[in-house]
Colleague: 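Below is one structure. I have some questions about it.
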There are 2 protein chains.
Amino acid sequence: MTRSSDQNAPREGLREHKRRETLRRITDAGMCLFIEKGYEATTLDEIAAKAGISRRTFFYYFKSKDDILLSLQNGMGDMLVAALREEPQDKRPLHAIRDAILKVCAPIPADDMIAIDRLMRSSEAVQARKQASYIQHEKALFAALRERWPKPERETGLRLVAMMAIGAMRLASDALSREDGKRPFDELLHEAFDALEGEI
Amino acid sequence: MTRSSDQNAPREGLREHKRRETLRRITDAGMCLFIEKGYEATTLDEIAAKAGISRRTFFYYFKSKDDILLSLQNGMGDMLVAALREEPQDKRPLHAIRDAILKVCAPIPADDMIAIDRLMRSSEAVQARKQASYIQHEKALFAALRERWPKPERETGLRLVAMMAIGAMRLASDALSREDGKRPFDELLHEAFDALEGEI
DNA sequence: AAATAATATCGCACTGAGTGTAATTTTCAA
DNA sequence: TTGAAAATTACACTCAGTGCGATATTATTT
């Protein structure tokens, strides 16, 4: 088989391409099995088999079984920060974050959100690490906020803003699952932020 | 050795007494080893040996290794709720919770708080489950708040209050560790709650 | 006191996650 | 083409956690 006969010429290097492919296969296999037979009941051997790799290779791509689920969650922090940077400078911190969250979450189908949320609830360890990832989001947001409002006396305030914003997001996300998607996410998020204004 | 020679007559049944003793021995052994050689590096075999029980018996007392550290954390939720119930009825929700937190945390030595906090940071899984326990505290507080302010239209608001209060507690606790106990916990907590008022 | 039930303790064998190591194969670059 | 770097694999290992069944200890009943 000569190289000239390959029609799908790799644009970004064959290595990178294969890597992405394998990563996707593992994630798909994992998600598929998790939904099919539950998170705890799915073993790494099964995932590896379905993804067509060895068990050892799985650990070349993921740090742990949890990471299959959490890789999705963990990307959120960076996305939020990026979206926040694109918000107009004159908005109040809380509104800027709210709109950043809206922008990041808008393209995610509600059904996917709910499905992943349900999966995460099925394992205590995963659920815990999801909560922990919220704290990471808070930290990331706080750092981004401080760039824009660098006065030292605002620090505690900005920490709280980040905390409240992520909290509101959590509330909206919980409500989405609880109501099983009856109302859209952006409505719930607005409601949570409005309630935040009314409180205190 | 006849029973009549026992001076420490068990008041609450020998079984209950032994149980408490064993529980304490396991916790002590665990804490001791965790501090000495780190959380991850300590095995259940070592803990069991030091506590004078078999490895299997450990699981009769704890659900997991994490639980040694988390049993301390998990009691907090109930204590907060109990303290909240004893607060005067006319206080605003946020102030009532703040004072409840103060009452619960006052008797805990700052050094202990810091030491446990440091230990929990050393394991990602434990750290994650600690964050998750905060969520449990929020839920418990929310339930307690709803008893006092049962109007349905206040629900979202009360959820947020619980969230902000626990958030402020987290902030104060983080600051305590970060400053290595330079300022007392109650000062930091007041600061966090005051900042909360100023925000929004 | 003896018999009986309930609770505690333990050992053993097992599953499954995760790691260390070293060998082999595949891709990339000189 | 050749040699370095990255990817894949097998194997053997440690450790957390579970299921099961046996034995010991404490409580309760007769």
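Proteins come first, then strands; the chains are lettered A, B, ... in the order of their sequence lines, and each starts at number 1.
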Colleague: Within 45 degrees of the axis of the six-membered ring of B/Y39 and under 6.0 Å from its centre: does B/K65 put its NZ or CZ there?
Modeller: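 Geometry flag: set, cation within 6.0 Å and 45°.
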
Colleague: Throw together a table of side-chain donor-acceptor distances under 3.5 angstrom for residues 23-33 of chain A, partners on residues two or more places apart or in other chains.
Modeller:
unit_1 : atom_1 : unit_2 : atom_2 : d
A/R24  : NE     : A/E21  : OE2    : 3.2
A/R24  : NH1    : A/D28  : OD2    : 2.6
A/R24  : NH2    : A/E21  : OE1    : 3.1
A/R25  : NE     : A/A51  : O      : 2.8
A/R25  : NH2    : A/A51  : O      : 3.2
A/T27  : OG1    : A/L23  : O      : 2.8

Colleague: Not counting sequence neighbours, which residues clear salt bridge (charged side-chain N to carboxylate O under 4.0 Å, His left out) with A/D111? List them please.
Modeller: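 Testing A/D111 for salt bridge (charged side-chain N to carboxylate O under 4.0 Å, His left out), a comparison that skips the adjacent residues, returns none.
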
Colleague: Please verify the inter-ring angle class for B/Y134 with B/H137; under 30° counts as parallel, over 60° as perpendicular, anything in between as tilted.
Modeller: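 Plane angle over 60°, so perpendicular.
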
Colleague: Give the residues of residues 29-62 of chain A touching DNA chain D, defined as any heavy atom closer than 4.0 Å, sorted by residue number.
Modeller: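 Going residue by residue through residues 29-62 of chain A, the ones with a heavy atom under 4.0 Å of DNA chain D turn out to be A/I53, A/S54, A/R56, A/T57, A/Y60, A/Y61.
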
Colleague: Take B/K18 and B/D66, find for each the nucleotide of DNA chain D with the closest heavy atom, and name the residue whose nucleotide sits nearer the 5' end.
Modeller: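 Closest to the 5' end, via its nearest nucleotide, is B/D66.
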
Colleague: Working to the nearest 0.5 angstrom, can you tell me the gap between B/E155 CD and B/L145 CG?
Modeller: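 These two atoms lie 11.5 Å from each other.
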
Colleague: Using atom types as modelled and distance alone, determine if a side-chain donor or acceptor of A/S177 lies under 3.5 Å from a backbone N or O of A/D174.
Modeller: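 Absent.
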
Colleague: Under 3.5 Å, is there a donor-acceptor pair between the side chain of A/E46 and the main chain of A/T43?
Modeller: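 Judged by distance alone, yes, a pair lies under 3.5 Å.
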
Colleague: Could you check A/E16 against B/S64 and say which one's nearest nucleotide on DNA chain D is further toward the 5' end?
Modeller: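 Comparing both residues, the 5'-ward one is A/E16.
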
Colleague: From the 5' end of DNA chain C to its 3' end, which nucleotides mark the outer limits of contact with chain B, defined by a 4.0 Å heavy-atom distance cut-off (strictly under)?
Modeller: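 Reading along DNA chain C, I get C/dA6 to C/dC12.
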
Colleague: Are the side chains of B/M76 and B/C105 in contact, using a 4.5 Å heavy-atom criterion?
Modeller: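 B/C105 reaches B/M76 side chain to side chain.
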
Colleague: Please list every donor-acceptor pair under 3.5 Å in which a side-chain atom of residues 78-85 of chain B meets a protein atom from a residue at least two apart or in another chain.
Modeller:
unit_1 : atom_1 : unit_2 : atom_2 : d
B/R85  : NH1    : B/E147 : OE1    : 2.7
B/R85  : NH1    : B/E147 : OE2    : 3.2

Colleague: Do A/D67 and A/S64 have side-chain atoms, one donor and one acceptor, less than 3.5 Å apart?
Modeller: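 Indeed, the side chains of A/D67 and A/S64 share at least one donor-acceptor pair under 3.5 Å.
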
Colleague: Taking any atom closer than 4.0 angstrom to a non-hydrogen atom of chain B, what span of DNA chain D does the protein reach, first nucleotide to last?
Modeller: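 Extent of the interface on DNA chain D: D/dC15 to D/dA27.
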
